[in-house]
Participant: 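The structure follows.
Numbers here are sequence positions counted from 1.
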Amino acid sequence: MARTTPEHDIARDREAARRRRLARLLVVLLLVQGWLVVRAVQGQPPIPALPAVDPLFLVPILFFTALLLIIVGTQVGSARSPHLVYRPEQVDVRLDEVIGIDPIIEDVRRSLDLFWAHRTFADRTGGRPRRGLLFEGAPGTGKTLTAKAMAAEAGVPFLFVSATSFQSMYYGATARKIRAYFRALRKAAAKEGGAIGFIEEIDAIAMARGFMPVSRSTGPAASALGPDKAVTERAVSEGTGGVLNELLVQMQSFDEPLGTDKLLNRLAAAVNLLLPVTRQIPMRRPSRAPLLLIAATNRADALDPALLRPGRFDRRLTFPEPDVHGRRALMDHFLARRTHEPELDEPSVRDRLAAATNGWTPVMIEHLLDEALVNAMRRGAEAMSFTDVTQARITEMVGLGQPVTYTRAEQELIATHEAGHAVVAHLVAPQRVLEVVTIVKHGSALGLLAHDDAEDVYTRSSADLRALIQISMGGWCAEELFFGDTSTGPASDLAAATRLAAQMVGAAGMTGSLVSLAATGKDIVEAVVGDTAAREQLERVLTDARDAVRVLLADNRDLVEALRDALLDRYELVGPEITEVLYLAVATREPVAV
């Protein structure tokens with residue numbers, strides 16, 4: 001469908017609504033003017049004098065009136081919609097400012113085109129405009145931001161509500177709040193020419209319905225359970241199902257008549273009971289309300305299937321973590337708004353940052369740069385540097401370093417262990433980036449090596465997985481090579497290697513057997529270990545990796561020693577510092593006699 005401008009159906013509806021409001025205001029003013037003229041002609045004051053009331057009668061009347069208002073107000077207040085209304089001019093973001101998810105934004109723009117031309121699309125083509133969009137994806141991928149930008153682009157009110165705010169301690173109040181929200185949405189659409197509703201974390205009220213058994217025993221077990229338990233289970237089941245049912249019904253009732261139309265239809269229906277069939281008064285049909293409901297969740301698989309069918313949510317948009325191009329665009333976008341040193345304007349530096357944030361969401365990238373600014377302020381600067389960003393990234397990945405005083409023997413052991421990991425990674429996986437190697441305690445890790453793919457990778461070969469297993473074995477083999485024994489440090493490394501090997505054996509068919517143990521529904525490691533033949537293959541993969549690493553480290557013992565000594569001296573090496581040590585060690589090797 002061709003791109004439409006907002007001056008289409010929505011703008012015409014808004015102008016028509018404005019004229020109707022002016023007409024009603026004019027009628028009211030004319031009535032007030034007529035009243036004042038009549039009172040002036042009669043020689044009476046504009047407002048009639050109030051009758052005298054005895055205070056003895058007035059006090060009880062006011063008391064019971066206040067009591068009635070409190071009772072009614074409590075009921076009405078518990079059923080009010082908890083939404084917040086944002087005018088288009090209050091939203092400070094547009095779709096052009098939602099960076100890093102270009103395919104999603106393109107689909108969103110198509111939905112906006114249909115929203116703007118809802119009547120044209122329906123009348124001329126016979127199609128049905130989209131009424132519901134479901135945004136699903138990990139936290140921080142831009143779901144809420146995109147919904148706000150849509151409302152700002154459309155130029156219509158944005159009715160924001162959190163699904164948890166619908167919940168109430170009073171039975172039935174949640175369903176009333178949902179009805180009130182959709183009623184407010186329809187009224188806003190009729191009044192403003194269109195409206196966009198947004199329900200945050202909809203899974204709080206739309207989880208898949210399940211049968212909750214209710215105890216119906218009549219024997220001793222029923223006496224032990226007690227009637228209150230059964231009643232409670234039944235109430236919870238009815239309450240949960242009732243909330244979801246109300247949501248499903250309301251999403252099918254976007255075009256209910258409102259206000260005057262509803263009153264006139266009731267009057268017409270009452271009169272038609274007295275008229276013959278041939279002279280019935282025609283009822284007013286509800287107009288197609290120009291509204292769009294958007295819901296966001298990171299648990300779309302847990303939603304009730306009835307909610308996901310077309311007619312309720314017509315479109316499901318999955319918000320992924322941005323790829324390297326999206327992350328680069330995000331870096332440009334966020335750095336343009338934050339003070340930084342000239343080195344961060346270099347394209348190669350920004351490319352490095354984009355590559356180093358593989359799997360990060362837009363919110364995580366923005367937070368990273370904010371933390372870099374904090375680092376800059378701590379050292380007395382007002383602009384962040386590349387080093388500030390790198391330190392912030394390390395902190396985000398592995399947490400803050402904890403000052404721990406190791407014994408000399410522990411320092412040598414931990415440094416040798418981490419050097420073993422780094423040397424193996426450098427030799428067997430040159431395509432990976434060594435980000436940081438440290439012997440500073442972070443969390444429960446006494447030391448660590450952080451490494452990642454140089455480019456975004458969505459699938460791995462058998463050679464890639466074997467290389468990762470060998471990297472995990474590097475610390476264990478380094479301890480064995482240099483100390484003749486191993487410590488408890490490699491425990492987590494062996495667990496990681498076992499998980500990778502289990503994927504090769506039981507899920508990917510990389511070791512000879514084509515039987516997928518992942519089809520059993522069990523945890524893949526549990527399934528592989530529990531199968532005799534698969535366990536033998538698992539042991540073979542791990543043993544082959546260990547033997548290969550033993551030979552590799554024995555042949556490159558000098559590289560491990562060089563990196564170990566650098567860690568003992570500086571405690572932490574970042575990025576190029578690691579490879580500089582390794583390249584220098586290779587350059588200073590003594591030639592081997594032939």
Side-chain angles (χ1 to χ4, degrees), residues 136-139 141 203 207-208 210-211 297-305 308 316 318-321 323 358-359 397 417 420-421 424-425 427-429 431-432 443-445 448-477 479-480 486 488-552:
E136 56 177 320
T141 49
D203 49 272
M207 299 288 281
F211 176 74
T297 180
N298 52 17
R299 301 182 60 193
D301 56 333
L303 298 180
D304 194 88
L308 303 178
R316 292 178 62 176
T318 301
F319 285 64
E321 292 86 0
D323 59 12
N358 184 19
M397 290 190 304
H417 179 103
H421 282 308
V424 174
L427 295 176
V428 305
Q431 77 280 8
R432 298 185 70 80
S444 60
L448 59 89
L449 167 71
H451 57 98
D452 204 347
D453 296 292
E455 299 177 342
D456 289 0
V457 175
Y458 301 99
T459 183
R460 298 193 186 279
S461 65
S462 173
D464 293 335
L465 293 178
R466 291 183 187 275
L468 291 175
I469 294 173
Q470 290 175 6
I471 294 172
S472 297
M473 290 288 186
W476 189 92
C477 292
E479 290 186 17
E480 182 188 52
T486 59
T488 58
S492 59
D493 299 328
L494 294 178
T498 302
R499 283 191 293 270
L500 289 169
Q503 288 289 334
M504 295 178 62
V505 172
M510 293 180 175
T511 58
S513 175
L514 297 180
V515 177
S516 175
L517 297 179
T520 63
K522 297 181 180 179
D523 174 74
I524 189 64
V525 176
E526 179 184 355
V528 170
V529 172
D531 184 273
T532 304
R535 176 160 184 160
E536 291 178 358
Q537 295 178 12
L538 178 68
E539 291 277 6
R540 190 178 308 117
V541 170
L542 295 174
T543 302
D544 290 345
R546 181 200 61 189
D547 294 343
V549 173
R550 279 175 171 172
V551 174
L552 186 68

Participant: Identify the heavy atoms of Ala429 and Ile471 that sit nearest to each other, and give their distance.
Facilitator: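 What the structure gives for the nearest pair is CB-CD1, 4.2 Å.
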Participant: Could you work out, with side-chain hydrogen bond (donor to acceptor under 3.5 Å, both in side chains) as the rule, every residue matching Thr486, not counting sequence neighbours?
Facilitator: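 side-chain hydrogen bond (donor to acceptor under 3.5 Å, both in side chains) list for Thr486, sorted by chain: empty.
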Participant: At their closest point, which heavy atom of Leu517 faces which heavy atom of Ala527, and how far apart are they?
Facilitator: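 Distance-wise, the nearest heavy atoms are CD1-O, 3.6 Å.
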Participant: In Å, rounded to the nearest 0.5 Å, how long is the span from OG1 of Thr543 to CG of Leu538?
Facilitator: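 It is 9.0 Å, given to the nearest 0.5 Å.
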Participant: For a quick test of reading the model, state the closest non-hydrogen atom pair linking Asn298 to Gly137 and the distance between them.
Facilitator: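 Minimum heavy-atom contact is CB-O, 3.1 Å.
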Participant: With Glu479, which residues qualify under salt bridge (Lys or Arg N to Asp or Glu O under 4.0 Å), at least two apart?
Facilitator: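 Glu479 satisfies salt bridge (Lys or Arg N to Asp or Glu O under 4.0 Å) with no other residue.
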Participant: Closest approach of Arg299 and Asp203, non-hydrogen atoms and distance?
Facilitator: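 Answer, listing the atom of Arg299 first, then Asp203: CD-OD2, 4.2 Å.
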Participant: Apply side chain to side chain contact (heavy atoms under 4.5 Å, CB included) to the pair Leu308 and Arg316, showing each step before the final yes or no.
Facilitator: CA-CA 8 Å; Leu308 303 178; Arg316 292 178 62 176; 3.7 Å; yes
Participant: The criterion is side-chain hydrogen bond (donor to acceptor under 3.5 Å, both in side chains); which residues satisfy it with Asp304, sequence neighbours excluded?
Facilitator: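 In terms of side-chain hydrogen bond (donor to acceptor under 3.5 Å, both in side chains), with neighbours along the sequence ignored, Asp304 is linked to Arg209.
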Participant: Taking all atoms of both residues into account, what is the closest heavy-atom pair of Ile524 and Ala518, and its distance?
Facilitator: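 The pair with the smallest heavy-atom distance is CD1-N, 3.8 Å.
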Participant: For residues 490-503, which side-chain N or O atoms pair as donor and acceptor with protein atoms under 3.5 Å away, sequence neighbours left out?
Facilitator:
from	atom 1	to	atom 2	distance (Å)
Asp493	OD2	His417	NE2	2.9
Asp493	OD2	His421	NE2	2.9
Thr498	OG1	Leu494	O	2.7

Participant: If the condition is salt bridge (Lys or Arg N to Asp or Glu O under 4.0 Å), which residues does Asp544 pass it with, not counting sequence neighbours?
Facilitator: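 Residues passing salt bridge (Lys or Arg N to Asp or Glu O under 4.0 Å) with Asp544: none at all.
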Participant: Restricting to non-hydrogen atoms, name the atom on Glu321 and the atom on Gly359 that form the minimum distance, rounded to 0.1 Å.
Facilitator: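 That closest heavy-atom pairing would be CG-O, 3.5 Å.
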Participant: With sequence neighbours excluded, tell me which residues meet salt bridge (Lys or Arg N to Asp or Glu O under 4.0 Å) with Arg550.
Facilitator: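 So Arg550 forms a salt bridge (Lys or Arg N to Asp or Glu O under 4.0 Å) with Glu480, Asp547.
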Participant: Arg432: which residues meet the salt bridge (Lys or Arg N to Asp or Glu O under 4.0 Å) condition with it, sequence neighbours left out?
Facilitator: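 Arg432 satisfies salt bridge (Lys or Arg N to Asp or Glu O under 4.0 Å) with Asp453 once adjacent residues are dropped.
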Participant: Just grab all the salt bridge (Lys or Arg N to Asp or Glu O under 4.0 Å) pairs involving residues 517-539, residues at least two apart or on different chains.
Facilitator: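 Found none.
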Participant: From Thr318 OG1 over to Glu136 CD, what is the distance, rounded to the nearest 0.5 angstrom?
Facilitator: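 It is 3.5 Å, given to the nearest 0.5 Å.
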Participant: Residues two or more places apart in sequence or in another chain: which of them pass side chain to side chain contact (heavy atoms under 4.5 Å, CB included) with Ser462?
Facilitator: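 Only Arg466, Met504, Met510 meet the side chain to side chain contact (heavy atoms under 4.5 Å, CB included) criterion with Ser462.
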Participant: Check side-chain hydrogen bond (donor to acceptor under 3.5 Å, both in side chains) between Thr511 and all other residues, then give those that pass, not counting sequence neighbours.
Facilitator: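 Result, side-chain hydrogen bond (donor to acceptor under 3.5 Å, both in side chains) vs Thr511: Gln537.
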Participant: Tell me, please, which residues at least two apart from Thr488 pass side-chain hydrogen bond (donor to acceptor under 3.5 Å, both in side chains).
Facilitator: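 Listed in chain order: nothing, the list is empty.
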